[in-house]
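Sequence positions, counted from 1, serve as the residue numbers for this chain. Atom set for the values below is all heavy atoms of this structure, side chains included, hydrogens, waters and symmetry mates excluded.
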Amino acid sequence: MRMPIKSIAVTGFLITALLISGCSDSKGERSDADFSSESSVLNLVSYYHSQPNGAALPNHCSIKTTEYEGETKLGNGVVYILNCDSEGNSTYDRLFALIPIEGEDKAYSLDVPLLQEENRENDIKKVISLLK
């Protein structure tokens, strides 16, 4: 099945915005548009409408908070803070957006690491603003 032109254009916009947001300024310092020190990932994933969260959450992660639920540029979606297990007994948080594609068994997922505590609230607001 072919993706509608509008979805392709919006997906291109989001990918471009994510690429720009991950770039440092010419001095190699964190710019205001930088979400974190790690890469953000936009994926197209399988989504099962009959399962909680479409069974699309990453393995070894649980929902810590719901940061946004509602309309996005790509359709209705939700933005979570996930608490994820890492090696050993430690955990870490990441921002995870899930936007099911209407009429399909697919969803867009956006995964953004939240590694810098001092920038966390700004990073969350920037991602939600980008999606809206």
Side-chain angles (χ1 to χ4, degrees):
M1 181 178 282
R2 298 176 71 191
M3 186 182 299
I5 297 298
K6 178 182 176 189
S7 293
I8 292 171
V10 173
T11 302
F13 162 76
L14 288 172
I15 291 170
T16 302
L18 288 171
L19 290 173
I20 291 169
S21 72
C23 296
S24 299
D25 64 17
S26 60
K27 296 177 186 171
E29 297 174 2
R30 181 183 164 95
S31 68
D32 287 339
D34 188 11
F35 287 120
S36 71
S37 62
E38 298 292 322
S39 297
S40 302
V41 178
L42 177 66
N43 279 320
L44 188 62
V45 297
S46 294
Y47 186 85
Y48 303 96
H49 295 275
S50 62
Q51 299 293 315
N53 301 304
L57 296 181
N59 290 334
H60 309 288
C61 293
S62 60
I63 297 170
K64 186 173 183 179
T65 62
T66 300
E67 296 295 321
Y68 176 79
E69 193 167 359
E71 194 63 32
T72 72
K73 289 178 178 78
L74 296 172
N76 283 320
V78 63
V79 178
Y80 300 114
I81 300 293
L82 299 181
N83 184 259
C84 304
D85 296 332
S86 64
E87 294 181 25
N89 291 328
S90 62
T91 63
Y92 63 96
D93 290 343
R94 60 207 252 191
L95 188 77
F96 187 80
L98 187 61
I99 306 164
I101 299 172
E102 192 173 321
E104 295 192 33
D105 291 332
K106 299 282 183 194
Y108 295 104
S109 70
L110 175 63
D111 191 349
V112 180
L114 294 173
L115 301 177
Q116 300 176 349
E117 189 66 40
E118 66 274 6
N119 298 316
R120 180 176 291 220
E121 289 303 314
N122 268 348
D123 290 352
I124 293 167
K125 288 176 185 175
K126 287 177 189 177
V127 170
I128 292 171
S129 175
L130 176 69
L131 292 172
K132 288 167 98 176

Exercise. Among Val78, Asp111, Leu110, which residue meets the side-chain contact (heavy atoms from CB on, under 4.5 Å) test with Leu98?
Worked result: Val78
For this session: From the options Thr65, Leu95, Ile63, select the one residue that forms a side-chain contact (heavy atoms from CB on, under 4.5 Å) with Leu82.
Result: Ile63
Problem set entry | Under the side chain to side chain donor-acceptor pair (under 3.5 Å) test, residues paired with Asp93 that sit two or more places apart | Lys64, Asn83, Arg120
For this session: Go through the structure and list residues passing ring-ring contact (aromatic ring centres under 6.0 Å, His included) with Tyr47, not counting sequence neighbours.
Result: His49
Exercise. Tell me, do Tyr108 and Ile101 make a side-chain contact under 4.5 Å, heavy atoms counted?
Worked result: yes
For this session: Let me know which of Asn43, Leu57, Ile99 forms a side-chain contact (heavy atoms from CB on, under 4.5 Å) with Ser109.
Result: Asn43
Problem set entry | Gap separating the CG atom of Asp85 from the CG atom of Asn59, nearest 0.5 angstrom | 10.5 Å
Seminar exercise, completed: Looking only at heavy atoms, the pair that brings Phe96 and Ala56 closest together is CZ-O, 3.6 Å
Exercise. Applying disulfide (SG to SG under 2.5 Å), which residue pairs with at least one partner in residues 75-132 are found, sequence neighbours left out?
Worked result: Cys61-Cys84
For this session: State, yes or no, whether a side-chain contact exists between Asn76 and Glu71 at a heavy-atom distance under 4.5 Å.
Result: yes
Exercise. So do the side chains of Ile124 and Ile81 get within less than 4.5 Å of each other, counting heavy atoms only?
Worked result: yes
Exercise. Taking everything shown except Tyr92 itself, do over 12 heavy atoms lie less than 6.0 Å from its OH?
Worked result: yes
